[in-house]
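Down below is the structure, laid out as structure tokens.
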Amino acid sequence: MSVNLLDFDAEGLTAWFAQQGEKPFRARQVLRWIHRFGESDFEAMTDLARSLRAKLLATAAVSPPPTISDKLSEDGTRKFLFDVGKSNAVETVFIPEDDRGTLCISSQAGCALECAFCSTGRQGFNRNLSTAEIIGQLWQANRALGCDSIAGDGGGGNPEGGSGGERIISNVVLMGMGEPLANFDNLVPALRLMLDDNAYGLSRRRVTVSTSGIVPAMDRLAEACPVALAVSLHAPTDGLRDKLVPINRKYPLAELMAACQRYLVHAPRDFVTFEYVMLDGVNDSDADARALLHLVRDVPCKFNLIPFNPFPASGFRRSPAERVRRFASILINGGIVTTTRKTRGDDIDAACGQLAGRVQDKSRRVQHGVGFVSGLARTSTGVDLHP
Ligand code: SAH
Ligand code: SF4
């Protein structure tokens, strides 16, 4: 069986080359061909010795997940569906903005964490993506969007893009399907490739891992590869967060806040971004906003409010725009930079939390989420979530 070179970061590729009796600079050359120039054909890697090309052809391959579909939204958002085998598929979304282009990638086929308001969580969990499947989404999107998109700075390795050429993909966020920190060992080499000047050369500030709050893995990430961190908060109290984000029962808010503070010792940014999905009548009151100010008082942070993106039978409603504005103003008056995420790609179901892909659930759940959501309706708000 041939080895998939997309599974290796620089260190891994160098080690594999050493096993083949090849020098480290050869590994660097091949890394550049694969990731900077989007090349998968060893024959096209013209500065490699013919004998090395033949050896690679016999033993290795560059195999990204195949593209099943590629849809363009009216607002320019582009959604890719990638085949990850055995009838599973994951989604990747490209979001162009005036000053940046963000690629939102997936880390697992499904998700085991069952957050109440998340379409991925409702689908169940199949498996972790391999490093090749994680970085392969960036590799594929980069090719589809025009291969110079990342390698466009002429080889100078200018990590912020800058003078040498325009980067179409300037930022990567792990906010697609799955919980990235539940797939730590495959995630880290993919992150290292994103940062590597011989690969995608993104600065650590331009790569964001979003987590629902797996505390021990946050500490490991700080040590292994401290990229920008976003934490999905969604509730100001343990009582409510236990219901919305069940992993909170294992790592409650006090532990999560302490982990955020520890992360910032290593972080490339001096703040954590708290994501907060605005659910009508559930977590969006003035009192909730004030409670948040108290909760995060010792954590340098920003807030990103996300209007809830509905999906069939979600059991939740999006907070009205005026409510979101009022909630934001309380945070801002409390001294916290707060933005409200624009909803993009609505017409192709590419918005945050709507990514569904295709998941053959192996977690054998009974009645996905149903008991959970009705429990929420009864206990936390008095609002009928099943009108
Ligand atoms: N598992 C990680 C990353 C993927 S989810 C995490 O939970 O952080 C990316 C973001 O989308 C998270 O903040 C998540 O809470 C949010 N999200 C999930 N479902 C949503 C929905 N239906 N509407 C809006 N945001 C949602
Ligand atoms: Fe998983 Fe994140 Fe969805 Fe929660 S919000 S179920 S952690 S993907």
Side-chain angles (χ1 to χ4, degrees), residues 90-93 95 102-126 128-129 134 137 172-184 187 207-215 217-218 221 227-235 240-251 256 260 272-280 282-284 302-319 324 339-346 349-357 359 361 363 365 368-369 372-373 385:
V90 298
E91 292 183 327
T92 305
V93 179
I95 306 145
T102 304
L103 192 71
C104 175
I105 67 182
S106 296
S107 55
Q108 300 182 308
C111 184
L113 297 187
E114 296 191 76
C115 298
F117 48 82
C118 173
S119 169
T120 305
R122 285 284 175 90
Q123 281 185 301
F125 175 70
N126 185 273
N128 284 330
L129 298 187
I134 298 172
Q137 297 168 61
V172 176
V173 297
L174 270 296
M175 293 185 187
M177 298 170 69
E179 166 53 51
L181 293 188
N183 185 13
F184 191 87
L187 174 74
V207 175
T208 302
V209 167
S210 172
T211 181
S212 55
I214 305 190
V215 163
M218 289 164 65
L221 186 69
V227 294
L229 185 70
V231 172
S232 295
L233 196 54
H234 307 319
L240 180 56
R241 196 165 189 269
D242 281 351
K243 298 187 185 100
L244 293 176
V245 185
I247 193 75
N248 193 71
R249 296 172 202 163
K250 199 159 176 194
Y251 306 113
L256 183 59
C260 290
V272 168
T273 302
F274 287 120
E275 296 162 278
Y276 197 93
V277 59
M278 297 294 291
L279 303 168
D280 185 21
V282 174
N283 67 352
D284 65 348
K302 290 184 176 178
F303 266 79
N304 190 217
L305 305 180
I306 315 174
F308 170 64
N309 291 308
F311 54 90
S314 75
F316 293 98
R317 286 185 304 261
R318 182 180 285 187
S319 304
V324 178
T339 52
T340 301
R341 193 172 295 173
K342 272 188 285 176
T343 296
R344 301 283 302 262
D346 264 352
D349 284 343
C352 218
Q354 285 181 326
L355 300 191
V359 177
D361 184 18
S363 53
R365 288 180 202 158
H368 285 284
F372 194 81
V373 173
L385 295 170

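Order of listing sets the numbers, starting from 1, for every ligand and every atom in it.
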So do the side chains of [X] and [Y] get within less than 4.5 Å of each other, counting heavy atoms only?
{"X": "Asn309", "Y": "Arg318", "answer": "yes"}
{"X": "Leu256", "Y": "Met218", "answer": "yes"}
{"X": "Thr92", "Y": "Leu103", "answer": "yes"}
{"X": "Thr211", "Y": "Val231", "answer": "yes"}
{"X": "Ile134", "Y": "Asn183", "answer": "yes"}
{"X": "Val282", "Y": "Arg317", "answer": "no"}

Of all the atoms in ligand 1, which lie at a distance below 4.0 Å from a heavy atom belonging to [X]?
{"X": "Val277", "value": "23 (N), 24 (C), 25 (N)"}
{"X": "Cys118", "value": "18 (C), 19 (N)"}
{"X": "His234", "value": "13 (O), 14 (C), 15 (O)"}
{"X": "Phe117", "value": "15 (O), 17 (N), 18 (C), 19 (N), 20 (C), 21 (C), 22 (N)"}

Any heavy atom of [X] sitting closer than 4.0 Å to ligand 1?
{"X": "Leu174", "result": "yes"}
{"X": "Gly176", "result": "yes"}
{"X": "Gly178", "result": "yes"}

Rounded to the nearest 0.5 Å, how far apart are [atom1] of [X] and [atom2] of [Y]?
{"X": "Leu187", "Y": "Glu179", "atom1": "CG", "atom2": "CD", "value": "9.5 Å"}
{"X": "Phe274", "Y": "Ser232", "atom1": "CZ", "atom2": "OG", "value": "10.5 Å"}
{"X": "Arg249", "Y": "Arg241", "atom1": "CZ", "atom2": "CZ", "value": "11.5 Å"}

Closest non-hydrogen protein atom to [atom], residue and atom name please, with distance?
{"atom": "atom 3 (Fe) of ligand 2", "result": "Cys118 SG, 2.3 Å"}
{"atom": "atom 1 (Fe) of ligand 2", "result": "Cys111 SG, 2.3 Å"}
{"atom": "atom 2 (Fe) of ligand 2", "result": "Gly178 O, 4.4 Å"}

Counting only heavy atoms closer than 4.0 Å, does ligand 1 sit against the backbone of [X], its side chain, both, or neither?
{"X": "Asn309", "result": "both"}
{"X": "Met177", "result": "neither"}
{"X": "Thr211", "result": "backbone"}

Short N/O/S contact of Cys115 with atom 1 (Fe) of ligand 2 (below 2.8 Å):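 Here the distance criterion (N, O or S atom, under 2.8 Å) is not met by Cys115, so no.
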So is Ser232 in contact with ligand 2, going by heavy-atom distances below 4.0 Å?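 It does not, in that no heavy atom of Ser232 comes within the 4.0 Å cut-off of ligand 2.
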For residues Asp361 and Gln123, report the shortest heavy-atom separation together with the two atoms involved.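 Taking every non-hydrogen atom into account, CB-O, 3.6 Å.
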Quick check on contacts: which atoms of ligand 2 are under 4.0 angstrom from a heavy atom of [X]?
{"X": "Ser212", "result": "7 (S)"}
{"X": "Gly121", "result": "6 (S)"}
{"X": "Glu114", "result": "6 (S)"}

Parallel, tilted or perpendicular, judged at 30° and 60°: which one describes the rings of Phe117 and Phe316?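 It falls in the perpendicular class, over 60°.
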Among Met278, Met175, Glu275, closest by any non-hydrogen atom to atom 5 (S) of ligand 1: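 Of the listed residues, Met175 has the closest heavy atom.
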Just to verify, which of Thr339, Asp284, Val277, Val324 counts as forming a side chain to side chain contact (heavy atoms under 4.5 Å, CB included) with Leu305?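 Answer to the side chain to side chain contact (heavy atoms under 4.5 Å, CB included) test with Leu305 among Thr339, Asp284, Val277, Val324: Val324.
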Purely on distance, is any nitrogen or oxygen of Ser232 under 3.5 Å from one on ligand 1?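 Yes - when backbone and side-chain N and O of Ser232 are compared with those of ligand 1, one distance drops under 3.5 Å.
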